[in-house]
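Computed from a prediction, not measured in an experiment: that's the story for all the values here. Counting starts at 1 for both ligands and their atoms, in listed order.
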Amino acid sequence: MTKDISYILNLLGEETGPSPDAVTPPLYQTSNFAFRDVNALRNALQDEYAHTLYTRGNNPTIDLLRKKLAALDGAGDALVVSSGVAAIFLAVFSNLKAGDHVLCVSDPYSWTAHMFRELLPRFGVTTTFVDGSVESFEEAARPETRIIFLESPNTLTFGLQDLDATAGFAKTRGLLTIADNSYCTPLNQRPLDHGIDLAVQTATKYVGGHSDTLAGVISGSRSLIRKIFESDFLNTGATLSPFNAWLLLRSLRTLHLRVRRSGETALALAKKFESHKKVNKLLYPFLPSFPQAALAAKQMKGPGGLFTMVLAAGDAGAIERFCTSLRRFKLAVSWGGHESLVFPVVATLPEGEFDPGNEKHRMVRFYAGLEDPDVLAEDIEQGLGAL
Ligand SMILES: *Cc1c(COP(=O)(O)O)cnc(C)c1O
């Protein structure tokens, strides 16, 4: 059978099992596996990647999830771990040694930035942050550079990197490319198809989709995944619990429907409020006004559920009142669940540091969940009216 999306989400890896007629896969809530003889145990100990020995390595419920996520990414294999940041950490850390240098796109996810700025320097690894254009990578590359880390788009201003061009440059220098693909999911962008070596994503957001599970995914060739598995994955113990893997298998059944609904609603809201008089600017990759709209259309298959408004507000209090006046958008971090969310940059500023002249300080990020789009639009309308 061909690996169309419906096949992957509904059937792949589920043809056999203890009860092949069951329409839901079994949950192997076990930490341990027993062996028939010493030779079988010896074989498993010698190659844990290829055997089911202990759940910190492999587990049948987690393996089924890995198969489906690898197929979605067009990858040889995938690892699922206990959070998105664990996926990012393992993909990066497993491929570095003291003295190495990393090129990272500026303003990545906050804990990605923290890892490169605070954690890796303790182990002798340095990072240069660049704007993400191919020229910026060319200019900053050094003989000791090992990794190019991308996040396309990011989840506040949606800055994109050209995946084909960056992968092409990296190959000429023998650099490993890693892309955080959380915003798009493999449904809207497959980094490996563009020549990127490792795709990482949080599965806490869209893949889980119900705001009840943390998880992360690393996809790549079998040799790159084996390398991560055999060293740092087993040693950090960042395994996902079988129960959470089972929840994610449940979530995958509706992934395509949820991603499409959230993206369509966000696009409609972005179009509706782009020229509202209380909105100075609206950032969204699928609006014609977006500076990198052509690149988004080239490498992304569909719109995502996040967009950012730069509000016409003279003080932090006005933005704070706007956020709390919303009735359908909950005030919170994260995104990708069923519930619509709002997150203002002022929440990241120490009190009194708000600068009305700084565009970033006036940014408010929205996530469009699965509610009725008209109800969400009405809510934003009344909130802006009160601004
Ligand atoms: C949330 C997020 C992460 C981290 O994922 P967790 O599952 O919360 O650890 C990484 N990258 C991006 C872009 C995210 O939005």
Side-chain angles (χ1 to χ4, degrees), residues 62 65 69 73 78-93 104-117 119 129 132 149-161 163 177-189 191 196 198-219 233 236-241 244-245 247-248 251-252 255 258-259 262-263 266 283-285 296 300 303-308 330 332-343 345 347-348 363 365-369:
I62 300 172
L65 179 63
L69 290 166
D73 256 324
L79 274 180
V80 293
V81 292
S82 53
S83 70
V85 298
I88 292 166
F89 177 78
L90 284 169
V92 169
F93 198 73
C104 180
V105 67
S106 57
D107 294 323
Y109 182 69
S110 53
W111 289 102
T112 303
H114 186 268
M115 171 183 69
F116 286 127
R117 287 208 173 95
L119 195 152
F129 292 90
F149 191 94
L150 310 174
E151 185 180 309
S152 186
N154 72 47
T155 54
L156 179 67
T157 57
F158 312 108
L160 302 157
Q161 300 94 55
L163 299 180
T177 43
I178 305 174
D180 183 337
N181 195 40
S182 297
Y183 180 89
C184 289
T185 83
L187 298 186
N188 280 336
Q189 178 168 278
I196 299 297
L198 289 171
V200 291
Q201 58 170 323
T202 171
T204 309
K205 314 287 172 57
Y206 273 138
V207 174
H210 296 69
S211 304
D212 53 13
T213 313
L214 285 157
V217 189
I218 313 170
S219 302
F233 171 71
T236 53
T239 313
L240 191 65
S241 76
N244 282 357
L247 283 177
L248 294 177
S251 292
L252 284 181
L255 178 66
R258 292 183 286 102
V259 169
S262 168
L283 300 171
Y284 190 64
M300 289 165 60
L306 293 168
F307 61 91
T308 294
K330 293 180 199 296
V333 297
S334 196
W335 51 276
H338 55 90
E339 75 286 18
S340 290
L341 301 170
V342 61
F343 180 79
V345 167
T348 67
M363 286 183 184
R365 185 186 75 180
F366 291 84
Y367 166 68

Would you check if Val217 and Val200 make a side-chain contact, meaning some heavy-atom pair closer than 4.5 Å?
-> no
What are the polar N/O contacts of ligand 1 with the protein below 3.5 Å, with distances?
from     : atom 1 : to     : atom 2 : distance (Å)
ligand 1 : 5 (O)  : Thr202 : OG1    : 3.2
ligand 1 : 7 (O)  : Gly84  : N      : 2.8
ligand 1 : 7 (O)  : Thr202 : OG1    : 2.8
ligand 1 : 7 (O)  : Thr204 : OG1    : 2.6
ligand 1 : 9 (O)  : Gly84  : N      : 3.0
ligand 1 : 9 (O)  : Val85  : N      : 2.9
ligand 1 : 11 (N) : Asp180 : OD2    : 2.7
ligand 1 : 15 (O) : Lys205 : NZ     : 2.7
ligand 1 : 15 (O) : Trp335 : NE1    : 3.2

Under the side chain to side chain contact (heavy atoms under 4.5 Å, CB included) rule, what do Val105 and Phe129 come out as? Steps first, then yes or no, please.
-> CA-CA 5 Å; Val105 67; Phe129 292 90; over 6 Å; no
Does the ring pair (Phe, Tyr, Trp, His ring centres under 6.0 Å) test come out yes or no for Phe149 and Phe116, once each step is laid out?
-> CA-CA 10 Å; Phe149 191 94; Phe116 286 127; 5.6 Å; yes
Partner of Leu156 under side chain to side chain contact (heavy atoms under 4.5 Å, CB included), chosen from Leu283, Leu306, Val345 = Val345
Side-chain heavy atoms of Thr112 within contact of Phe89, under 4.5 Å | no
So Trp335 and Tyr183, would you call those rings parallel, tilted or perpendicular, with 30° and 60° as cut-offs?
-> tilted
